[in-house]
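Here the structure is a predicted model, which is why all the values come from computation and not from measurement.
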Amino acid sequence: DPMTGLKNLESALSQGFRMTRVPFTEDIYYVKDNGLYNKRYTYARLTGLKVEQIVVLDDNQPLDGLPCFCLFYGTVEKLRGQGKTTAFIEIILERFKKDLPGRYKEFFVEALIETDNDSSMAIANKLFGASKHDGVDEHSGVPTRIWQTKYAK
């Protein structure tokens, strides 16, 4: 749950953890670390030590022989419904292309959204167009809609 990630990041920041500011931005920060299995890229819009938005791209199993990164995102409630989440994710996806090692000429971004999360599904539709297929979250058993979008550097 990205909102859990948002709160965990905010807690870590309050305890002294610091992120690196993304060049040529005032309030976007990132950290690259190891997630559960592979590399994870976390981007956040910060106001002081408060996290307003978060985007996480977590290295996943390859898709069609190319690297694949799962996309997670969250926005604090006061900023929702203003189009800011979609715009922030677009900014981050462009930045992410620059942050990936040079060997990643092409890659996939995968978003799995629970089908009862209408607002997140609307965001994914704006970003990636119509979903190609549905699935079931292997951990929770909840029905999901899946977007898999290929990017090139």
Side-chain angles (χ1 to χ4, degrees), residues 1-15 17 19 22 27-47 49-97 99-101 104 106-153:
D1 180 358
M3 293 311 292
T4 300
L6 188 144
K7 295 207 181 303
N8 288 343
L9 177 56
E10 205 165 83
S11 175
L13 290 168
S14 74
Q15 296 174 22
F17 176 77
M19 301 173 78
V22 171
D27 59 355
I28 301 175
Y29 293 78
Y30 76 100
V31 65
K32 177 181 169 185
D33 64 1
N34 290 315
L36 290 175
Y37 305 107
N38 294 307
K39 293 293 180 201
R40 175 177 57 197
Y41 298 76
T42 302
Y43 300 85
R45 183 179 304 279
L46 303 178
T47 299
L49 298 179
K50 295 291 182 191
V51 180
E52 294 190 342
Q53 295 178 290
I54 189 169
V55 170
V56 178
L57 290 137
D58 203 357
D59 195 357
N60 196 10
Q61 296 177 13
L63 180 62
D64 293 339
L66 294 173
C68 181
F69 297 87
C70 288
L71 171 70
F72 304 95
Y73 49 88
T75 297
V76 294
E77 194 167 339
K78 69 179 183 179
L79 297 177
R80 293 180 190 167
Q82 302 173 35
K84 293 182 177 187
T85 301
T86 303
F88 184 63
I89 295 168
E90 289 172 334
I91 289 167
I92 297 309
L93 289 174
E94 282 305 309
R95 180 66 214 186
F96 180 63
K97 290 179 192 178
D99 290 339
L100 280 173
Y104 292 99
E106 294 182 310
F107 60 93
F108 280 93
V109 170
E110 179 178 67
L112 284 81
I113 310 292
E114 294 177 354
T115 56
D116 63 352
N117 188 338
D118 293 333
S119 58
S120 284
M121 288 203 324
I123 290 167
N125 276 323
K126 286 179 194 173
L127 290 167
F128 308 118
S131 169
K132 301 285 189 267
H133 57 283
D134 291 347
V136 175
D137 184 281
E138 62 186 48
H139 300 291
S140 68
V142 174
T144 60
R145 188 131 308 135
I146 303 167
W147 287 263
Q148 296 169 325
T149 304
K150 188 176 181 181
Y151 285 85
K153 285 179 135 184

*Output the distance between atom SG (Cys70) and atom CG (Asn38), rounded to the nearest 0.5 Å.*
10.5 Å
*Between OG1 of Thr149 and CG of Leu127, what distance do you get to the nearest 0.5 Å?*
8.5 Å
_For the backbone of Ala111 and the side chain of Gln148, can you confirm whether one donor and one acceptor N or O come within less than 3.5 Å of each other?_
no
_Side-chain heavy-atom pair Leu66, Phe107 within 4.5 angstrom cut-off_ = no
_For a side-chain contact (heavy atoms from CB on, under 4.5 Å) check, start with the C-alpha distance between Phe88 and Val55, then their side-chain angles and the critical distance, and finish with the verdict._
CA-CA 8 Å; Phe88 184 63; Val55 170; 3.7 Å; yes
*Non-hydrogen side-chain atoms of Glu110 and Phe69 separated by less than 4.5 Å*: no
*Start with the C-alpha gap between Val136 and Val142, add the side-chain angles, then the distance that decides, and say whether side-chain contact (heavy atoms from CB on, under 4.5 Å) holds.*
CA-CA 5 Å; Val136 175; Val142 174; over 6 Å; no
*Is it true that Lys39 and Asp59 make a salt bridge, defined as a side-chain N closer than 4.0 Å to a carboxylate O?*
no
*To the nearest 0.5 Å, tell me how far Asn60 CG sits from Leu71 CG.*
12.0 Å
*Under 3.5 Å, is there a donor-acceptor pair between the side chain of Thr42 and the main chain of Val56?*
no
*Pair Arg40 + Asp33: basic N to acidic O under 4.0 Å*: yes
*Passes side-chain contact (heavy atoms from CB on, under 4.5 Å), Leu46 versus Asp27? Steps please.*
CA-CA 5 Å; Leu46 303 178; Asp27 59 355; 5.7 Å; no
*If you take all heavy atoms of Ala124 and Tyr73, which pair is closest and at what distance?*
N-OH, 3.8 Å
*Answer yes or no: is there a side-chain heavy-atom contact under 4.5 Å between Ser11 and Phe17?*
no
*Got a second to check how far Lys126's NZ is from Glu90's CD, nearest 0.5 Å?*
9.5 Å
*Would you say Lys50 has more than 12 foreign heavy atoms packed within less than 6.0 Å of its NZ?*
no
*asked:* Using modelled atom types and a 3.5 Å cut-off, is there a donor and acceptor pairing between side-chain atoms of Arg145 and backbone atoms of His133?
replied: no
_Show the nearest heavy-atom pair for residues Trp147 and Ala130, with the distance to one decimal._
NE1-C, 3.7 Å
*Kindly check if the number of other-residue, nucleotide or ligand heavy atoms within 6.0 Å of CD (Gln82) is above 12?*
yes
*Could you grab the distance from atom CE of Met19 to atom NZ of Lys32, nearest 0.5 Å is fine?*
14.0 Å
*Grab the two heavy atoms, one from Leu6 and one from Gly74, that are nearest each other, plus how far apart they are.*
CD1-O, 4.2 Å
*asked:* Please tell me whether Ser140 and Asp137 have a donor and an acceptor in their side chains that are separated by less than 3.5 angstrom.
replied: yes
_Donor-acceptor pair, distance only, cut-off 3.5 Å: does the side chain of Asn125 make one with the backbone of Met121?_
yes
*Should the pair Glu106-Lys150 be classified as a salt bridge under the 4.0 Å nitrogen-to-oxygen rule?*
yes
*Please check if the distance between the ring centroids of Tyr41 and Phe96 is under 6.0 Å.*
yes
*Side-chain donor-acceptor pair under 3.5 Å between Thr144 and Glu114, yes or no?*
no
*Would you check, one step at a time, whether the test side-chain contact (heavy atoms from CB on, under 4.5 Å) holds for Leu49 with Glu10?*
CA-CA 7 Å; Leu49 298 179; Glu10 205 165 83; 6.0 Å; no
*If you look at every heavy atom in Ala44 and Val51, which pair is closest and at what distance?*
CB-CG1, 4.2 Å
*Lys153 atom NZ, over 12 foreign heavy atoms within 6.0 Å*: yes
*Could you state the interatomic distance from CG (Leu100) to OH (Tyr151), rounded to the nearest 0.5 Å?*
12.0 Å
